[in-house]
There are 2 protein chains.
Amino acid sequence: MSAANLRARVRAEMTEEIKRVARRHLATDGANLSLRAVARDLGMASSAVYRYFASRDELLTALIIDAYDAVGDAAEQAAAAAPTPLDKWLAACHAARDWALANPPEWALIYGSPVPGYQAPQDTVVPATRVLLLLGATLAEAHRGGLVAERSLITGGFADELVPVAASFYPDLPARVVADTLAAFFQLCGAISAELFGQLNKSIEQDRRGFFEFQMRGAANQAGLT
Amino acid sequence: MSAANLRARVRAEMTEEIKRVARRHLATDGANLSLRAVARDLGMASSAVYRYFASRDELLTALIIDAYDAVGDAAEQAAAAAPTPLDKWLAACHAARDWALANPPEWALIYGSPVPGYQAPQDTVVPATRVLLLLGATLAEAHRGGLVAERSLITGGFADELVPVAASFYPDLPARVVADTLAAFFQLCGAISAELFGQLNKSIEQDRRGFFEFQMRGAANQAGLT
DNA sequence: CCACAACGAGAGCAGTGCTCTTGCAATCTT
DNA sequence: AAGATTGCAAGAGCACTGCTCTCGTTGTGG
């Protein structure tokens, strides 16, 4: 049955090869990468690429899902290797930052401004939440272990909206901690994007990692994790 | 001498008109707006636009500077009308968010992923720092009034890098507060971008403003401002 | 063995940023 | 006021883009 697999195998390899070259082009062209340029690099006609991806957006979607999974993998592995919840927290944050620094255009693709005219399909929402869920799981573990300090209750309607959404993942987590998880995740994204997109242009050159950890310790502290 | 002003006046109006139409196109096309489409909307040849902006990037730069100034104005005015430092802080944050919600593509232009191939010229750095400087000034004022709580000293080389940069703006502000100002600014950007770019897609629908204020109060609290 | 589906290549369409040339109107100089 | 100069708008054109269609070819399942 090797003959039966030939086409499928070649197709899979070709798909991966296209994505690899597209990732390379992402570095220079950003979100508006040129399908023709990718095809040219592969020595094939541009129309042939459409046998593998129905449109440029579909190729972008594949890259986006891969990126979400890559940063999710990195963060989860780093967290798994750390002993305490706070260590897991910091390890996950650093892993996300390290991945972003190693793959800037892909970070921009998933956490930067949305590509104009591109509508993210449903396939992307699950991988997109992995890092957030990891932070939440870390906080939930710490909460079960009594490591999350109590703080003032939150006021406002957003807590009532947030709890039912989080209930399926962390049934026993108070609304305040859920809100802090989401806030911390946004802070993580903000810190990495700011560094990556040049917001702290010349203010900190050397110890950017230290400043990042300062911020993430602040986020953990704000959530009550010590 | 009205004749002498005619050309200059028409040119200024035309420049403003081009930017206005370009801003409108920004909403649909994002950063890769079409100069030809802008020209078409204005009823002129695409080549004529090049009399006003040497390239698409130069037009983008003009829009970026305008956007920085607009959000800076909004935040400064809001802060000026507030009594206490914490009120100023929250007012500035809400003003920035309100502006972003009213002008999403322009927010994406300045705080989203950088436009591929676009190198921000030097003209943009001063207006880009206005909101950050406003947060710093608010904290500095609170610090002079003894309203900033003392916290643990920061460790790491980033403090030594940060202080000389901040010294020209806030001579008497401790390194810890400077670091918290920068962190808070990143948190502000992260919170707005996350909301705007769809990160909290379906988790909070109604009280997004409340959740934003929750985050910004957290940032202020983290900086020691109560 | 053969029908069929998958595939690659090429031409073609409408659109893009940008340049160059051409003609015209406004401004400055004498 | 006449002439020189400059600013401006328009059009053609180049190289590029995403995408579609058609046409041979080649691997695959019945």
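Here is the naming used below: chain letters follow the sequence lines, and residue numbers restart at 1 for every chain.
B/Asp41 places its CG atom 14 Å from the P atom of C/dG15, with the value rounded to the nearest Å. Computed from coordinates, the A/Leu35 CG to C/dG15 C1' distance equals 16 Å when rounded to whole Å. Here C/dG17 presents its C1' atom at 12 Å from CG of B/Asn32, a figure rounded to the nearest Å. Taking atom CE of A/Met44 as the reference point, atom P of C/dC7 lies 10 Å away to the nearest angstrom. Atom CD of B/Glu58 is separated from atom P of C/dC18 by 10 Å (rounded to the nearest Å). We find that CZ of B/Arg9 is positioned 13 Å from P of C/dA26, with the value rounded to whole Å. The CZ-C1' distance, from B/Arg11 to D/dG7, rounds to 8 Å in whole Å. Nucleotide C/dT22 holds its P atom 14 Å from the CZ atom of B/Arg51, rounded to whole Å.
For B/Asp98, there are no salt bridge (Lys or Arg N to Asp or Glu O under 4.0 Å) partners two or more places apart in sequence or in a different chain. Annotation: ring-ring contact (aromatic ring centres under 6.0 Å, His included) contacts of A/Phe158 (sequence neighbours excluded): B/Phe211, B/Phe214.
Side chain of B/Ala48, nearest nucleotide from C/dG17, D/dA9, D/dG18: D/dA9. For B/Tyr52, whose side chain is taken as the heavy atoms from C-beta onward, the closest listed nucleotide among D/dT17, D/dC19, D/dA9 is D/dA9.
There is no side-chain donor-acceptor pair under 3.5 Å between A/Tyr50 and A/Ser55.
Side chain B/Ser47 to base D/dA9: no donor-acceptor pair is found below 3.5 Å. Below the 3.5 angstrom threshold, one finds a donor paired with an acceptor across the side chain of A/Arg36 and the base of D/dG18.
Between B/Tyr50 and D/dC8, a side-chain N or O to OP1/OP2 separation shorter than 4.0 Å is absent. In this model, the phosphate group of C/dG17 is not approached by any side-chain N or O of B/Ser55 to a distance below 4.0 Å at OP1 or OP2. The side chain of A/Arg40 places no N or O atom within less than 4.0 Å of a non-bridging phosphate oxygen (OP1 or OP2) of D/dA15.
Not a single donor-acceptor pair under 3.5 Å links the side chain of A/Arg97 to the backbone N or O of A/Phe212. A donor-acceptor pair under 3.5 Å is absent between the side-chain atoms of B/Gln187 and the main chain of A/Gly190, judged by distance alone.
For the contact set between residues 12-25 of chain A and DNA chain C, defined by any heavy atom under 4.0 Å, there are no members.
Residue A/Leu33 is classed as a sugar-phosphate contact, given heavy-atom separations below 4.0 Å to backbone atoms only.
Counting only heavy atoms from C-beta outward, the side chains of B/Val165 and A/Lys202 never approach each other to under 4.5 Å.
Summary of the strand contacts: A/Ala37 and B/Gly43 both lie near DNA chain D, and taking for each the nucleotide with the nearest heavy atom, the more 5' one is attributed to B/Gly43.
A pairwise comparison of heavy atoms in B/Ala175 and B/Ala159 identifies CB-CB, 4.2 Å as the closest pair.
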